[in-house]
Amino acid sequence: MLDQIHLLAAVTVLGVLEQAYFFLQVIYARRAFGVSPPKTSGPPEFERIFRAQVNSSEYFPIFLALLWQAGLFFHQGLAAALGLLYLYARYCYFMGYRASPSERLTPIYFSSGVLWILLGASALGILHFFLSHYLRINILQLLT
């Protein structure tokens, strides 16, 4: 069983480490710009770092759910590769947003596209499972 989920687990750990890095960047920004918790506003440089971290955190559960569904029901290797692309795009998003609000746009569109592909793979995989398990219809045989 572990050989069927090891890539997904590795991407999950990388994602958690990325989230931790983003959290640390907010802590460093708080110190650098003198913004004490619970304040969430301050200089624009701080606010961009804070928003980039919050936005990334908001999407992380969606990413994890789609990563694991696509990996379990569609293909582990494809889901893991897409997961790495997503994490890279999120890193580019964070760094871009940190520099300038306009620098976040391309990475956010790319990472959203990856999420849509993971959603499609998940839906196809789950549909195939339901059809084959409950209705005994094998889509793959019908297509060939």
Side-chain angles (χ1 to χ4, degrees), residues 1-33 35 37-38 40-42 44-144:
M1 158 115 176
L2 292 179
D3 61 328
Q4 297 172 6
I5 61 170
H6 66 286
L7 296 176
L8 302 174
V11 172
T12 300
V13 169
L14 286 174
V16 169
L17 291 173
E18 182 177 69
Q19 290 297 307
Y21 174 76
F22 295 161
F23 290 135
L24 287 174
Q25 294 307 301
V26 172
I27 291 170
Y28 298 147
R30 283 187 180 282
R31 291 178 185 156
F33 297 109
V35 179
T40 58
S41 61
E45 296 85 0
F46 167 76
E47 289 183 7
R48 288 195 308 266
I49 293 169
F50 180 77
R51 284 307 314 158
Q53 180 269 316
V54 169
N55 291 347
S56 296
S57 294
E58 290 170 347
Y59 276 88
F60 195 61
I62 297 166
F63 163 68
L64 286 180
L66 293 175
L67 172 74
W68 280 86
Q69 288 177 69
L72 293 174
F73 288 97
F74 193 80
H75 190 276
Q76 177 188 207
L78 176 66
L82 289 169
L84 291 174
L85 277 175
Y86 177 83
L87 293 178
Y88 176 71
R90 269 295 162 174
Y91 178 79
C92 292
Y93 165 80
F94 186 89
M95 292 308 188
Y97 203 172
R98 171 186 223 162
S100 166
S102 63
E103 295 293 317
R104 78 190 197 287
L105 295 176
T106 300
I108 195 68
Y109 294 144
F110 185 79
S111 64
S112 295
V114 172
L115 287 179
W116 280 108
I117 295 169
L118 283 170
L119 176 64
S122 299
L124 286 173
I126 292 168
L127 177 65
H128 172 60
F129 175 80
F130 280 127
L131 290 175
S132 63
H133 188 74
Y134 293 109
L135 300 177
R136 306 285 184 227
I137 299 172
N138 189 333
I139 296 173
L140 299 176
Q141 285 179 344
L142 295 174
L143 294 175
T144 56

**Asked** What do the steps show when you test Tyr97 against Ile108 for side chain to side chain contact (heavy atoms under 4.5 Å, CB included), and what is the final call?
**Response** CA-CA 10 Å; Tyr97 203 172; Ile108 195 68; over 6 Å; no

**Asked** Is there a side chain to side chain contact (heavy atoms under 4.5 Å, CB included) between Leu127 and Phe73 once you walk through the steps?
**Response** CA-CA 9 Å; Leu127 177 65; Phe73 288 97; over 6 Å; no

**Message:** Assess the residue pair Phe63 and Ser111 against the criterion (side chain to side chain contact (heavy atoms under 4.5 Å, CB included)); give the C-alpha distance rounded to whole Å, side-chain angles, the decisive distance to 0.1 Å, and a yes or no.
**Reply:** CA-CA 10 Å; Phe63 163 68; Ser111 64; over 6 Å; no

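Atom-to-atom distance recorded for Ile126:CD1 and Leu131:CG is 12.0 Å, nearest 0.5 angstrom. Distance CG/Leu84 to CG/Leu7: 9.0 Å, rounded to 0.5 Å. The distance from atom CZ of Arg51 to atom CD1 of Ile49, rounded to the nearest 0.5 Å, is 13.5 Å. Atoms CD and CG, from Gln53 and Leu24 in turn, are 10.0 Å apart once rounded to the nearest 0.5 Å. Distance check, rounded to the nearest 0.5 Å: CG of Leu64 to CG of Leu8 gives 10.5 Å. Rounded to the nearest 0.5 angstrom, Leu119 CG and Leu124 CG are separated by 9.5 Å.
The aromatic ring centres of Phe130 and Tyr134 sit less than 6.0 Å apart.
Shortest non-hydrogen contact noted between Glu47 and Thr40 is CG-O, 4.1 Å. Taking all atoms of both residues into account, the shortest heavy-atom contact from Glu103 to Gly96 is CB-O, 3.1 Å. A pairwise comparison of heavy atoms in Leu67 and Ala79 identifies CD1-O, 3.3 Å as the closest pair. In terms of heavy-atom proximity, Pro107 sits nearest to Arg104 at CD-O, 3.4 Å. Of all the heavy atoms in Arg30 and Pro37, the pair that sits closest is NH1-N, 3.6 Å. Across all non-hydrogen atoms, the minimal contact from Asn138 to His128 is OD1-CE1, 3.5 Å.
In summary, of the residues considered (Val11, Leu66, Val114), a side-chain contact (heavy atoms from CB on, under 4.5 Å) with Tyr86 occurs for Val114 alone. If you run ring-ring contact (aromatic ring centres under 6.0 Å, His included) between Phe22 and each of Phe60, Phe94, Tyr59, Tyr28, only Phe94 comes through.
With hydrogens and angles left out, the side-chain atoms of Ser56 and Gln19 include no donor and acceptor closer than 3.5 Å.
Taking the side chain as every heavy atom from C-beta outward, Tyr109 and Leu105 approach each other to under 4.5 Å. Put simply, the side chain of Tyr21 reaches to within 4.5 Å of the side chain of Tyr91, judged on heavy atoms. At a threshold of 4.5 Å between non-hydrogen side-chain atoms, the residues Arg31 and Ile27 count as touching.
Geometrically, Arg90 engages Tyr93 in a cation-pi contact defined by less than 6.0 Å to the ring centre and at most 45° from the axis.
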